[in-house]
Amino acid sequence: PVSTTTNLPSCRFTNAGNRFLGWALSADGGMCYGDGAPVSFTENTTLYAVWSDTVVLAFDGNGATSGEMANQEFSLFEEKTLNPNAFARTGYTFAGWGTSAGSEVVAYSNASAVKGQAVLDFGGWLYAVWNPNEYRISFDHAEGILKNDASTNQLCRYDEAVLRRFQRQRVLQREKR
């Protein structure tokens with residue numbers, strides 16, 4: 001017989017407390033085909049739904065300079081505490097977890113409780129959200145003169161340029177000549 005390739009239709013079955021993973025070729029077999037996967041058969045075939053009540057949560061450091069985190073498994077209806085953050089980023093403080101790459105909005109704080117269904121709803125990934133550290137820079141003017149109403153202190157954020165707001169008196173004297 002000649003085989004024709006076609007895409008499987010989307011699963012129209014439900015199984016309370018479980019999520020559909022895909023299709024197997026036997027009742028106790030592992031998943032062979034995902035929803036909508038292209039298939040090619042040369043004979044009548046029965047496909048068996050594969051169900052799971054677990055979801056897997058993965059963590060993305062989102063610019064982290066060190067650390068790693070193992071995935072965390074949840075039952076769909078279970079509430080679990082997130083594993084504590086193990087990522088670090090030079091010049092930044094961990095703020096919490098966002099639900100999209102590059103997110104600046106914290107959806108979950110460190111080690112907060114999350115339900116398995118929520119993990120499924122946001123796609124199974126959490127992304128670290130980072131706040132840049134702030135530093136106070138103090139300038140010693142070493143007998144220089146402050147310009148206008150400048151300050152000898154400046155608050156800056158990590159990776160932000162630091163501007164010196166005063167100049168040395170010798171430079172002022174040279175300009176007056």
Side-chain angles (χ1 to χ4, degrees), residues 1-135 156-160:
V2 176
S3 128
T4 303
T5 300
T6 187
N7 289 341
L8 291 172
S10 294
C11 179
R12 293 179 298 229
F13 302 112
T14 60
N15 184 338
N18 291 283
R19 67 184 176 101
F20 176 74
L21 296 179
W23 300 102
L25 292 171
S26 65
D28 59 350
M31 187 185 81
C32 296
Y33 304 105
D35 223 10
V39 293
S40 181
F41 296 111
T42 57
E43 61 187 357
N44 291 336
T45 304
T46 299
L47 295 177
Y48 298 85
V50 178
W51 302 97
S52 175
D53 71 343
T54 60
V55 291
V56 177
L57 175 62
F59 300 90
D60 185 308
N62 201 19
T65 51
S66 65
E68 58 184 53
M69 292 185 65
N71 294 345
Q72 189 172 356
E73 285 193 7
F74 288 78
S75 168
L76 276 176
F77 299 104
E78 171 185 34
E79 183 173 88
K80 249 186 183 177
T81 300
L82 293 173
N83 292 336
N85 173 49
F87 295 113
R89 183 174 178 188
T90 302
Y92 291 80
T93 300
F94 178 74
W97 298 104
T99 57
S100 61
S103 179
E104 294 180 3
V105 176
V106 173
Y108 297 96
S109 61
N110 195 28
S112 65
V114 176
K115 290 187 179 178
Q117 183 62 48
V119 172
L120 190 60
D121 292 345
F122 61 71
W125 281 89
L126 285 178
Y127 302 84
V129 176
W130 302 99
N131 290 329
N133 292 338
E134 291 187 345
Y135 303 95
C156 64
R157 297 169 80 155
Y158 183 78
D159 284 344
E160 183 178 73

Quiz prompt | Qualifying residues under side-chain hydrogen bond (donor to acceptor under 3.5 Å, both in side chains), relative to T14, sequence neighbours excluded | solution = none
Quiz prompt | Closest non-hydrogen atom pair, A86 against E68 | solution = CB-O, 3.5 Å
Exercise. Of all the heavy-atom pairs spanning N110 and N83, show the shortest one and how long it is.
Key: OD1-O, 4.3 Å
Quiz item: Does the gap between the ring centers of W130 and F94 come in under 6.0 Å?
Solution: yes
Exercise. Write down the atom of V129, the atom of G98, and the distance for their closest heavy-atom approach.
Key: CG2-N, 3.5 Å
Self-check item: Non-hydrogen atoms of G29 and A24 that approach each other most closely
Solution: O-CB, 3.6 Å
Self-check item: K115, NZ atom: more than 12 neighbouring heavy atoms under 6.0 Å
Solution: no
Quiz prompt | Approximate separation, where rounding is to 0.5 Å, of E78 CD and D53 CG | solution = 9.0 Å
Quiz item: Is there a donor-acceptor contact under 3.5 Å from the side chain of T99 to the main chain of F122?
Solution: no
Quiz prompt | Nearest heavy atoms of T81 and Q72, plus distance in Å | solution = O-NE2, 2.9 Å
Quiz item: Do we see a donor-acceptor contact under 3.5 Å between the side chains of N131 and T93?
Solution: no
Practice problem: Kindly determine whether F20 and W23 satisfy ring pair (Phe, Tyr, Trp, His ring centres under 6.0 Å), including the steps that lead there. | Solution: CA-CA 9 Å; F20 176 74; W23 300 102; 5.0 Å; yes
Exercise. Taking the side chain as every heavy atom from C-beta outward, state whether F87 and D60 have any pair of such atoms under 4.5 Å apart.
Key: no
Quiz item: Can you say whether the rings of Y158 and Y92 are parallel (under 30°), tilted (30 to 60°) or perpendicular (over 60°)?
Solution: perpendicular
Quiz prompt | D35 side-chain N/O to C11 backbone N/O, donor-acceptor pair under 3.5 Å | solution = yes
Quiz item: Between L25 and L47, is any pair of side-chain heavy atoms under 4.5 Å apart?
Solution: yes
Self-check item: Contact list for residues 55-83, test ring-ring contact (aromatic ring centres under 6.0 Å, His included), sequence neighbours left out
Solution: F59-W97
Quiz item: So do the side chains of T54 and L76 get within less than 4.5 Å of each other, counting heavy atoms only?
Solution: no
Quiz item: Of all heavy-atom pairs between P38 and T5, which one has the smallest distance, and what is that distance?
Solution: CB-CG2, 4.2 Å
Practice problem: For the residue pair T6 and V39, establish whether any side-chain heavy-atom pair is separated by less than 4.5 Å. | Solution: yes
Quiz item: Is there a side-chain contact between N15 and F13 (heavy atoms, below 4.5 Å)?
Solution: no
Quiz item: Is there a side-chain contact between Y48 and T46 (heavy atoms, below 4.5 Å)?
Solution: yes
Quiz item: Within a strict 4.5 Å, meaning less than it, do heavy atoms of the L82 and L57 side chains meet?
Solution: yes
